[in-house]
Amino acid sequence: MSKNPAEISNVIKQQIKNYKSRIEMMETGTVILVGDGIARVYGLRACMASELLEFEDGTFGLAQNLEDESVSVALLSDDNNIHEGSLVRRTGRVLSVPVGEELLGRVVDALGQPIDGRGPIDTGKSLPVEAEAPGIIERQGVSVPLQTGIKAIDSMIPIGRGQRELIIGDRQNGKTEIAIDTIINQRNTGVICIYVAIGQKSTSVVQIANELKNANAMANTIIVSASASESAPLQYVAPYAGCAMAEYFRGQGKDVLIIYDDLSKHAVAYRALSLLIRRPPGREAYPGDVFYLHSRLLERAACVAPEYGGGSITAIPLIETQAGDVSAYIPTNVISITDGQIFLETELFHSGIMPAINPGISVSRVGGSAQLKAMKKVSGELKLLYAQYRELASFAQFGSDLDADTKARLALGERIVEVLKQGRNDPVRAGSQVVIVYAVINGYLNNVPVEKVSAYEKKLYEKLETEYVHLLERFEAGYYEDEDIEEMKKALSEMPQEW
């Protein structure tokens with residue numbers, strides 16, 4: 001289409017008139033060494049710690065060591081075209097990840113990018129991965145229970161919203177199963193769940209996502225995965241990214257549960273990263289700040305007072321021990337940061353007791369203040385009776401002549417063990433837990449053979465759900481009055497006596 005020359009001339013004059021030259025200042029550096037996910041960059045004298053740096057191929061890196069002449073940078077992508085002489089520029093901002101409701105039901109990587117093949121996620125919001133933990137004034141005491149649906153935990157080692165409870169034990173002992181069952185039990189409670197997989201196999205993450213989907217628990221869950229095949233910097237960033245996503249929901253006054261699976265692999269990734277950037281190794285070759293690595297992460301879990309927005313983040317970190325050694329460096333570090341630990345014992349696991357919780361060294365430092373009133377009343381003696389049974393059982397195997405009292409304690413202990421056994425993906429509602437714990441402690445199962453306890457339990461739950469659902473609701477609402485106890489006794493007396 002031909003245009004009038006005068007018209008074109010006017011357009012050019014207008015553009016010249018409106019032209020403004022703008023000089024953009026940009027500090028750049030040059031790569032002098034690259035390898036193993038680490039780049040050493042010359043220049044960038046004004047670079048800040050943990051600043052996000054951009055390489056000329058579009059790859060991003062995280063500034064770690066700030067030295068006189070160079071900066072050590074952890075690369076946030078394995079797929080890059082960085083070589084000696086590549087240019088690097090400062091961005092002036094710290095590493096951030098996308099946050100928001102759009103992430104719910106999705107599987108993302110350590111930078112918040114989707115890896116589930118369901119298209120891009122546009123949240124329009126982001127938060128820095130590192131943030132300051134709430135101060136003492138902003139916090140309030142942990143008082144609302146976070147029901148796991150696991151009888152042994154809810155009765156003996158209760159977890160409250162805003163607590164940090166460690167799950168510790170050898171590999172293949174059921175640590176992840178407890179964490180997944182806890183997520184499944186939150187599906188109708190309004191609690192947002194975030195599962196951070198650090199150094200896991202990709203197939204394991206897919207399996208967990210399918211398990212949650214089949215249990216209708218994926219809709220309120222985000223899975224953040226930094227698999228074993230990914231670089232150490234991405235495994236290092238993953239839990240902080242998950243925590244930033246959790247803080248967004250807490251900022252809206254919601255309750256969040258975050259699982260770190262597991263922090264042993266996180267510490268190993270950080271050790272690899274630190275040694276590559278030449279930080280001095282200390283005990284077990286970990287750098288001196290490895291305690292700060294986990295403390296600044298777990299301190300961000302808290303129950304915030306209503307006047308500061310309310311909401312809570314409950315953190316459940318997992319730690320893998322070697323041959324049950326809880327006195328190793330990383331286990332002792334995390335034990336001292338958290339508000340209690342659930343110790344899973346290999347011996348119990350192999351003898352068929354699942355979850356394989358050792359009640360002797362498992363503890364919740366929040367305890368009964370984060371427990372339903374009914375459960376607090378009925379389970380007071382449970383931990384002591386269980387611990388006594390384990391001690392007696394270890395002695396009883398050496399002698400055949402036992403007095404009547406010892407035999408009765410052993411019989412009760414056997415029934416307690418059977419009651420506390422639980423299968424995978426089989427959470428028990430809080431009200432039903434109160435009734436079964438009351439029943440076993442008060443002798444209602446004394447005439448039930450040990451091998452028939454699970455059948456008794458199943459029948460009791462069916463009866464409670466059909467005829468006594470109002471009683472369960474009262475227990476779950478925090479009531480435990482004399483009339484509730486009488487009704488519970490009535491329900492138990494109606495159960496068959498012969499088995």
Side-chain angles (χ1 to χ4, degrees), residues 36-37 74-80 97 103 105-118 121 166-184 193-215 217-218 221-243 245 257-273 276 293-294 297 315-324 328 330-331 334 342 344 346 349-350 354-356 423-425:
D36 295 318
L75 304 178
L76 298 174
S77 170
D78 295 329
D79 184 24
N80 58 61
V97 288
L103 289 163
R106 302 298 298 270
V107 183
V108 297
D109 65 12
L111 302 176
Q113 300 306 312
I115 52 174
D116 53 6
R118 290 172 48 202
I121 303 171
L166 170 65
I167 300 177
I168 187 167
D170 288 2
R171 67 187 300 271
Q172 304 271 295
N173 263 7
K175 299 187 295 297
T176 302
E177 279 75 13
I178 287 179
I180 297 305
D181 285 355
T182 304
I183 291 176
I184 289 171
C193 301
I194 299 171
Y195 176 81
V196 184
I198 309 154
Q200 308 287 329
K201 290 185 291 189
S202 297
T203 50
S204 303
V205 178
V206 170
Q207 197 176 332
I208 286 166
N210 289 334
E211 210 173 308
L212 292 174
K213 206 172 290 177
N214 295 338
M218 196 63 199
T221 304
I222 304 167
I223 295 179
V224 181
S225 172
S227 65
S229 60
E230 292 183 58
S231 65
L234 286 172
Q235 291 184 44
Y236 156 67
V237 163
Y240 298 100
C243 196
M245 294 170 191
L257 165 67
I258 185 161
I259 311 282
Y260 301 113
D261 188 7
D262 63 57
L263 290 189
S264 306
K265 292 188 180 74
H266 182 235
V268 168
Y270 184 64
R271 177 172 62 185
L273 171 65
L276 286 166
L293 172 80
H294 289 151
L297 172 69
I316 301 186
L318 276 61
I319 285 285
E320 185 182 299
T321 53
Q322 307 292 326
I330 299 303
V334 182
I342 296 165
L344 304 185
T346 309
F349 185 81
H350 291 313
M354 288 186 285
R424 281 182 68 177
N425 300 356

Practice task
Heavy atoms only: give me the nearest C243-I258 pair and the separation to one decimal.
Solution key: N-CD1, 3.6 Å
Handout entry: Nearest non-hydrogen partners of V237 and A110, listed with the distance
Key = CG1-O, 3.8 Å
Exercise for the section: Would you mind reporting whether D116 and I223 have side-chain heavy atoms less than 4.5 Å apart? Expected result: no
Practice task
Drop me the distance from R271's CZ to L273's CG, to the nearest 0.5 angstrom.
Solution key: 12.5 Å
Problem - Note, T321 side chain near I168 side chain (heavy atom, < 4.5 Å) - result: yes
Practice task
Working to the nearest 0.5 Å, report the span between CG of L166 and CG of L318.
Solution key: 7.5 Å
Problem - Heavy-atom side-chain proximity of Q200 to K265 below 4.5 angstrom - result: yes
Exercise for the section: Could you walk me through whether H266 and Y240 pass ring-ring contact (aromatic ring centres under 6.0 Å, His included), step by step? Expected result: CA-CA 11 Å; H266 182 235; Y240 298 100; 5.8 Å; yes
Completion exercise
Taking every heavy atom of N425 against every heavy atom of E211, the minimum-distance pair comes out as OD1-OE2, 3.1 Å
Completion exercise
Tightest non-hydrogen contact, residues E320 and D170, listed as CG-C, 4.3 Å
Problem - Within 6.0 angstrom of Q113 CD, more than 12 heavy atoms from elsewhere - result: yes
Practice task
Answer with yes or no whether the side chains of S227 and S229 bring together a donor and an acceptor at under 3.5 Å.
Solution key: yes
Fill in the blank from the handout: Heavy-atom nearest pair, G242 first then V196, reads CA-CG2, 4.1 Å
Handout entry: S225 and I115, any side-chain heavy atoms less than 4.5 Å apart
Key = yes
Practice task
Provide the closest heavy-atom pair for P331 versus I319 in the form atom of the first, atom of the second, distance.
Solution key: CG-CG2, 3.9 Å
Handout entry: Straight-line distance of I121 CD1 to R106 CZ, nearest 0.5 Å
Key = 4.0 Å
Exercise for the section: Return each pair, listed once, that meets salt bridge (charged side-chain N to carboxylate O under 4.0 Å, His left out) where at least one residue sits in residues 196-210; pairs must be two or more places apart or across chains. Expected result: none
Fill in the blank from the handout: Hits for ring-ring contact (aromatic ring centres under 6.0 Å, His included) against F349, two or more places apart or cross-chain, chain-then-number order -> none
